[in-house]
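Hydrogens, waters and symmetry mates are skipped; everything else that's a heavy atom, side chains included, is used. Note that the numbering runs from 1 along the sequence shown for the chain. All ligand and atom numbering here is 1-based and tracks the order in the structure.
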Amino acid sequence: MNTVDYLLQDENDLHIQAKLDEIIERNRRYTKDGAVATYIPGLRKANRDDLGICIVDKNKRIFTSGVCDKKFTIQSISKVVLLSMALMEHGFDYVHTKVGFEPSDNPFNSIVTIGNNDVKKPSNPMINSGAIAITSLIKGDTYEEKEANMMAYFKKFTANNDLKINYNVYMSERSTGDRNRAMAYLLKSHGFLDGNVDEILDLYFKQCSIEVDVKDLAMIGLNLADQEFINDRGCVISKDVARIVRTVMFLCGMYDGSGEFALKTGLPSKSGVGGGIMTCVSDAVGIGVFGPSLDERGNSVAGMKVLEDLSREFDLSAI
Ligand code: GLU
């Protein structure tokens, strides 16, 4: 029996739960090695010691361990949902005219690629500049319609109709987002943004400020992992789009630490500065982790350790 099949067997529930509890306990000490994000005032209130995980499989079983009922903002994990939406609505070739699909060893908020006259396209959709370009592709005749379309997509992806924007964090994002503003205007000057820059930025700040818990993240992961699950619910994304998005996550999902993380876990993942990491194991399992103590790149320190252990102990590596 392969390991994903093992994860899916009901009779192994107790063993899986015990292993998860053990992995969370073992890695809790790493929360001391990082710090919560402070560059956005609304994120400062997080508790550095929190650590939790949720696993959802295609048989609709749910495992949780640690701190699982806390809400936190999705931050950069939203970039995965927006990329999926853009690929579904515009197709790969058009999306590729706006962003590259190459890993970057610059930080998430780097302005380097678009600031440079030789390389004008953002390197990929997982860094801020790329995500802002992708946000300009949201369909709708008015700002309100675009926001409604965006939120509907997040609700479908998480199967959670109660998703809301945290207005405190959103206001914080807006008041500290000058670097993102600079990027957006540069993108516009190079022809990579369609539409009104202020509206696009506002939608970007809002998408980062959507409140989720680890189960919501695990559900996003399951959408990317399991085609049958997607089809059952009216095809949120196609098999090909899921494949492209998983590949982008693998190459670029953990900021400028993506290569090292891929090497250690073999899991396509996306992190956010709210402390979340979303992961999937094709074609069966979605995983959400929460640990707001971050390393200098913006990745959850203990969250990454948890995923390393999980991948090793259940042999989940995609390659
Ligand atoms: N809202 C964040 C920003 O644009 C996203 C950061 C992240 O999670 O990488 O600065």
> How does V273 reach ligand 1, by side chain, by backbone, by both or by neither, if only non-hydrogen atoms under 4.0 Å count?
Replying inline: both
> Would one find an N or O of K79, backbone or side chain, under 3.5 Å from an N or O of ligand 1?
Replying inline: no
> Is the closest basic N to carboxylate O distance between E260 and R297 below 4.0 Å?
Replying inline: yes
>> Nearest 0.5 angstrom please: M278 CE to L307 CG, how far?
In response: 11.5 Å
>> Applying a heavy-atom cut-off of 4.0 Å, say which part of I77 lies close to ligand 1: side chain, backbone, both or neither.
In response: neither
> Would Y143 end up clustered with I200 when hydrophobic side chains under 4.5 Å apart are linked, directly or stepwise?
Replying inline: yes
> What atoms of ligand 1 come closer than 4.0 angstrom to any heavy atom of N180?
Replying inline: 3 (C), 4 (O), 10 (O)
> Just checking, K98 and F192: is the charged tip under 6.0 Å from the six-membered ring centre and within 45° of the axis?
Replying inline: no
> Which bit of E173 is near ligand 1, meaning a heavy atom under 4.0 Å away: side chain, backbone, both or neither?
Replying inline: side chain
> Closest non-hydrogen protein atom to atom 5 (C) of ligand 1, residue and atom name please, with distance?
Replying inline: Q75 OE1, 3.3 Å
> Quick one: does C208 get an N or O within less than 3.5 Å of an N or O on ligand 1?
Replying inline: no
>> Which residue and atom name correspond to the protein heavy atom nearest atom 7 (C) of ligand 1, and how close is it?
In response: S76 OG, 2.8 Å
>> Would Y204 count as being in polar contact with ligand 1, using the rule that some N or O on each side must be under 3.5 angstrom apart?
In response: yes
>> Please give me the minimum heavy-atom distance between Q207 and I74, naming the atom from each residue.
In response: O-CG2, 3.1 Å
> Are the ring centres of F157 and F154 closer than 6.0 Å?
Replying inline: no
>> Need the ligand 1 atom indices (1-based, order shown) with element for anything under 4.0 Å from a heavy-atom of Y255.
In response: 7 (C), 8 (O), 9 (O)
> Distance from L201 atom CG to K206 atom NZ, nearest 0.5 Å?
Replying inline: 12.5 Å
> Does ligand 1 have an atom that lies less than 4.0 angstrom from a heavy atom of Y39?
Replying inline: yes
> Numbering the atoms of ligand 1 from 1, which are under 4.0 Å from a heavy atom of G272?
Replying inline: 8 (O)
>> For F290, does the six-membered ring have the charged nitrogen or CZ of K71 within the cation-pi criterion, i.e. under 6.0 angstrom from the centroid and within 45° of the normal?
In response: no
